Protein chains: 2
Amino acid sequence: MYSDRVRLPSLLDKVMSAAEAASLIQDGMTVGMSGFTRAGEAKAVPEALAQRAKEQPLKISLMTGASLGNDLDKHLTEAGVLARRMPFQVDSTLRKAINQGKVMFIDQHLSETVEQLRNHQLKLPDIAVIEAVAITEQGHIVPTTSVGNSASFAIFAKQVIVEINLAHDTNLEGLHDIYIPTYRPTRTPIPLTRVDDRIGGTAIPIDPAKIVAIVITNQPDSLSTVLSPDDETQAIADHLIAFFTREVEAGRLSNNLAPLQAGIGNIANAVMCGLIESPFENLTMYSEVLQDSTFDLIDAGKLRFASGSSITLSARRNGDVFGNLERYKDKLVLRPQEISNHPEVVRRLGIIGINTALEFDLYGNVNSTHICGTMMMNGIGGSGDFARNAHLAIFVTKSVAKNGAISSVVPMVSHVDHTEHDVDILVTEQGLADLRGLAPRERARVIIDNCVHPDYRPALLDYFERACAKGGHTPHLLREALSWHINLEESGRMLVD
Amino acid sequence: MYSDRVRLPSLLDKVMSAAEAASLIQDGMTVGMSGFTRAGEAKAVPEALAQRAKEQPLKISLMTGASLGNDLDKHLTEAGVLARRMPFQVDSTLRKAINQGKVMFIDQHLSETVEQLRNHQLKLPDIAVIEAVAITEQGHIVPTTSVGNSASFAIFAKQVIVEINLAHDTNLEGLHDIYIPTYRPTRTPIPLTRVDDRIGGTAIPIDPAKIVAIVITNQPDSLSTVLSPDDETQAIADHLIAFFTREVEAGRLSNNLAPLQAGIGNIANAVMCGLIESPFENLTMYSEVLQDSTFDLIDAGKLRFASGSSITLSARRNGDVFGNLERYKDKLVLRPQEISNHPEVVRRLGIIGINTALEFDLYGNVNSTHICGTMMMNGIGGSGDFARNAHLAIFVTKSVAKNGAISSVVPMVSHVDHTEHDVDILVTEQGLADLRGLAPRERARVIIDNCVHPDYRPALLDYFERACAKGGHTPHLLREALSWHINLEESGRMLVD
C-alpha cells in the first residue's frame, strides 16, 4: 500500500497519523513548512498541531514559502501556536494578531529567507513538514504544487515529516527543478540564462534517514478567488499594453517583450489576461506564482514558457489544468523561490516586474505593506526581489479605494517598501506615469498628470506647488506630508472639508 | 611627442587644446565623463566648457561615474552648464542648485546607470570625455585612477574625447579589468567568483575612429580630506570589530571575515583602520573606492587583495602609493562600477557592506540622502547596491549631530533609502543593534537600548511605548512621527522643551 508513492521501501514503516507526526513538534521549536501562495502547503500536520495546542499549549516559530491555504494560519493563530512567523502571510486572523503585537512577524524578501538560514543568520528549522506527491527510490521528496522554500527547509532541518497528498496527481512529478546555490566563499554563478533552462533535479535530495514520519492525506489546495477584470483593472491593463506597444516601437522591447513577472491579485491577473488580445507573441514568464492567466495565455498560443515557484488556480481552471497536465508540462517549470526570485537571475534575464502597490507618493516611493504606516496587510513578498533588478519595475493600483475615501496617490507614503530609486512605471486606471530618467520634481508632475484620481488632483497639485516654493530636491511640507493618513485614521477619509 | 602615451600613430593628429575639444560639446547634448569619488575625472575639457559657457550660454545633461574632483561640479554649476546631472555628486554649490530645483538631479544606484543606458531607458551620451594614462596601439583607452562608468560611456557615445593626463604615471596601466555584460536576452553569468578574478581586458575597447579629440593635461586628482578617527568613530569601529569577533566565534564568519565594502567617509575609514589591530587575517575588499585605509591594511599584512572602482587618497598616502604602485599592483584591481557594485556579484561573494546613514528610525529604515526629507546631500551612491544583497548590511553613524541638536535615531525617517527589509546591523558610538531575524517591535527595543544617545532615549522610548499602545505591526503615532524633523526645521533642534 502506498508503495507507488513511497518508493523507498524502508520508509513505509514511517507512515503514521497526523497527530502522531505532529507530536514530534515540541514547544519552542522552529518549524519550516511547505506552502507558497496557498499552494502545496502541508495540511494535516499543522492542523493536528493546532488541535493539540488547544489542550496542550505550545508555541513555535513557523517559516513557510509564503502564504498557506486551507485556513491553516487562521487555525494556528486561534490555537495560539504562532510565536513567530515569516516571511509572508495573507490571513486576516493572523494579520490581526500581528498588528496586536501577539505574533512576531518578520516580513522578508522572498528570495532571502533561505540565504539567511544557509548563513546561520536565522535559526535553522528543527523540523520540516513538506507536502509531496511521492518519495523516490532514493528517498528524495517530490513536491506538489509549490516548491517555495521546501527544498532548503528539508535540507537544513534535522528531522523531516512528509505529507503524501493523494489529492495531487503523480503527474506533477518532473515539473520541478531543484537547484540549491553552493556555499560561500566558493559559490558559483547560477547557471540559468533562459527561462526554460533546467539546472537541477526533479526531487529534493535529502538523506532519507532524516524522514521521521510520513502522513498520508487527501485534501486539495485552496482554490484561488481571483476576480475577473472590472472596468478599472481593464483600464490599467490597457494603459500597460499601450505602453508595451510604444516600447516595442521605440526598439526598447522586442515583440516577445521580456520575461514577465506578475504579482498575485486581480490587477496583475487582468494585465496578463489583457495580453491575450495583444499583438505580442512568444511571451515568457519568470514569476513566482502561475495563475489562471498563465494557462489562458498558453491556451491562446501567446505564452511559450512559464517558470514559477507555484501554481494557484481558481475553480474555473483548476480541474482542467491539473487534469490535463501533460498538455502543459513541457511549457512549465517550478523552482525554489530563491531561484524564481533571485536578483542574479532577475537582472540577467531583464524581467518586466508587475506588482501591486497599496499606495505611492508624488515622487514614486511605493508602500506595498502597511495601512497608514502601521497596520500590516500581507508583506512585501517578492515585489522587492523583482523591482530592484527588473528591466521594468512596474507598480499598479486603482487610484482610489473605499468608494473614494482613500487616494492611492499621496503626498508622502506612510511606509516605504520600494524607494524612488527602484520604481520605473506607475499605473492606475487614470493613466501611466513613466518615471525613467526623471528627477523628483519631474516625476511629481508626471504622476499628478497621469495617475491621480480627479477628486484628489487639485489637492495634490496644491501640496506639490507649495512644497516646491519651500524648496528641496524632493519638496515636502512636513507638517502636511502625512496629513492625509492622519485624516483617514481620525475621520475615515483622506480629505476632509 | 606623446607617442608613448598615444600609441596609435594615426591618432596623434587629434591632439588639440581643451577649448577646441570642448567646442565639440553643443548645447543640449548628453555628455558622459569619467570620474568616480573625485578620482580620474576629465579635468581640462569640463573646465574649458565652463569658461566658454560664461560667454556663450549652453546647457548639457552630465553623467559621470560618481563625484568629481577639482571643483568641476562647482564650476559647471556656476557657469550654468548643468541642466541635468546623474548619478551622484558631493559639491556644495551643485547641491544648492539641486535643492533650488535649478539642476535636475537623478539619484541612482551606481550599478544601474549603464544598465539603463544599455537598454535605452536613458538617453545615450552624445559624447564621452574620458581621462586616460594612454591610448594603446589598438586605439583602446587606458583609464587612470578610476574606471567608474567610463568604459560604457565611451562604448555608447558617438564621439570620444580623451584627456591624456601626464600627472598620472603610466604604471597605472594593467591595474584595470574592463568587463562589460553581454546584451539581453543572451546575457551570460558574470564570470567572477573571487575578488581577485580578472575577467576582462586592461583597456576600454572602442573603435579608434570615434576618438575625435585628444587633450594633453597635467593636473593631479584632488586629495581626499578624510579625517583621522576621533573618539566616536573609534567607538563605532570598536563595536563593529567586537561584533565581527562574536560572528567568528559563532561560526558565521571565518577569520578572514568576508569581502569588505566600505563607503566613503570618516566613519568607514575608522572602521577599516580598526581592522589593523584586529585578530582577523587575509582580509579582502570588494568595494567601490579604495582609500588610505586599504593601503594601510595591505602594509600591515592584513589585507590580501582589494577590488574597487577607484583610488582616492589623502596627502598622507597619495605620493607614497602612486610612487610605489608596483608594490601594490598584484593586490589591486579597478573595475567598472557596474561590476564593483553588481548585485549578482555582491550576493555571490557575500559582501560585508559598511555604509554611512544620515539617520535611521526605530524600525531600522535608513535615510542616506535627504535632510528633513527634502534637501539632498550627496545621493544614495552604491549603498543600495551593496546593502540589498550583502551578507551583512551594516549602517553606521554618530548618534547625534550639530552638538546634540540632531538625533540620528528618530521615530520615523523623513526619507527612506534602505528599507527595514535590507538592514541587518546599525552602529553608533553608543553601541550596536543586531536586527537579524527580529520583528519591528523587537528591533525598536534593540535600537533604543543600543544606539540612541542618552539625551534622546527617554523621548524615543516614550514615543515607542505610546505607539505600541495604539497598535500595529510597525507602531507609529502619525501626528508625531515627523515632529522631530519639524522641530528641527522650525527651531533648529529636534527636541524642544
Side-chain angles (χ1 to χ4, degrees), chain A residues 98-101 104-109 116 119-123 184-185 187-191 193 251-252 343-344 347-350 365 370 372-376 380 384 388-389 391 414-417 419 421 436-439 441-442 468 471-476 478-479 481-482 485-486 489, chain B residues 98-101 104-109 116 119-123 184-185 187-191 193 251-252 343-344 347-350 365 370 372-376 380 384 388-389 391 414-417 419 421 436-439 441-442 468 471-476 478-479 481-482 485-486 489:
Chain A
I98 288 168
N99 285 319
Q100 290 171 334
M104 293 294 104
F105 177 56
I106 298 95
D107 177 23
Q108 298 187 302
H109 297 300
Q116 290 179 23
N119 300 322
H120 297 270
Q121 297 185 312
L122 294 173
K123 188 171 171 301
R184 297 167 181 151
R187 185 174 294 176
T188 49
I190 298 170
T193 59
R252 284 192 289 265
E344 173 176 335
R347 179 100 162 218
R348 183 180 303 145
L349 296 179
N365 300 287
H370 282 70
C372 283
T374 59
M375 308 297 274
M376 170 58 60
I380 191 168
R388 173 62 66 89
N389 287 298
H391 171 71
S414 56
H415 181 90
V416 178
D417 292 294
T419 74
H421 311 285
R436 293 174 294 176
L438 299 185
R441 291 178 191 226
E442 297 171 314
C468 285
H473 175 62
T474 303
H476 270 300
L478 293 187
R479 280 195 177 273
L482 298 176
H485 301 90
I486 294 169
E489 280 191 339
Chain B
I98 289 168
N99 285 320
Q100 290 171 334
M104 293 294 104
F105 176 56
I106 298 95
D107 177 24
Q108 299 187 300
H109 298 299
Q116 291 179 23
N119 302 321
H120 297 269
Q121 298 187 312
L122 294 173
K123 189 172 172 299
R184 299 166 181 153
R187 185 174 295 176
T188 49
I190 297 171
T193 59
R252 284 191 288 265
E344 172 175 336
R347 178 98 161 221
R348 183 180 302 144
L349 296 179
N365 299 287
H370 283 71
C372 284
T374 59
M375 307 298 274
M376 171 57 61
I380 191 167
R388 171 65 65 89
N389 286 298
H391 171 72
S414 56
H415 181 90
V416 178
D417 292 294
T419 73
H421 311 284
R436 293 174 294 174
L438 299 186
R441 291 178 190 225
E442 297 170 314
C468 286
H473 175 61
T474 303
H476 271 300
L478 293 188
R479 281 195 177 274
L482 298 176
H485 301 89
I486 294 169
E489 280 191 338

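Everything numeric in this text was worked out from a predicted model, so none of it was measured.
In this structure, the side chain of Arg348(A) does not engage the main chain of Ile190(B) through any donor-acceptor pair within 3.5 Å.
Counting heavy atoms from C-beta outward, His370(A) and His476(B) have side chains that stay 4.5 Å or more apart. Residues Glu442(A) and Met104(B) are in side-chain contact: their nearest non-hydrogen atoms beyond the backbone lie under 4.5 Å apart. Looking at heavy atoms from C-beta onward, Leu482(A) lies in side-chain contact with Leu482(B) at the 4.5 angstrom threshold.
For Cys468(A), no part lies under 4.5 angstrom from a heavy atom of chain B. Looking at Arg441(A), only its side chain comes within 4.5 Å of chain B, counting heavy atoms on both sides.
Every residue two or more places apart in sequence or in another chain that forms a side-chain contact (heavy atoms from CB on, under 4.5 Å) with Ile486(B) is listed here: Leu478(A), Arg479(A), Glu490(B). Every side chain to side chain donor-acceptor pair (under 3.5 Å) that Arg436(B) has, sequence neighbours left out, goes to Glu247(B), Asp434(B).
Counting heavy-atom pairs closer than 4.5 Å to chain A, the top residue among Met375(B), Met376(B), Arg347(B) is Arg347(B). By number of non-hydrogen pairs under 4.5 angstrom with chain A, the leading residue of Arg184(B), Arg187(B), His485(B) is Arg184(B). Of the residues considered (Gln116(B), Gln100(B), Lys123(B)), Gln100(B) shows the highest number of contacts with chain A, using heavy-atom pairs under 4.5 Å. Among Ala439(B), Pro185(B), Gly350(B), Pro189(B), the residue making the largest number of heavy-atom pairs under 4.5 Å with chain A is Pro189(B). For the set Asp107(B), Thr193(B), Thr188(B), the entry with the most heavy-atom pairs within less than 4.5 Å of chain A is Asp107(B). Heavy-atom pairs under 4.5 Å with chain A were tallied for Leu122(B), Leu349(B), Asn365(B); the largest tally goes to Leu349(B).
The heavy-atom pair separating Thr374(B) from Pro475(A) by the smallest distance is CG2-C, 4.2 Å. Taking all atoms of both residues into account, the shortest heavy-atom contact from His391(B) to Gln121(A) is O-NE2, 3.1 Å. Here the shortest heavy-atom pairing between Arg252(A) and His120(B) reads CD-O, 3.0 Å.
Aromatic ring pairs are classed by plane angle as parallel below 30°, tilted from 30° to 60° and perpendicular above 60°; the pair His415(A) and His421(B) is perpendicular.
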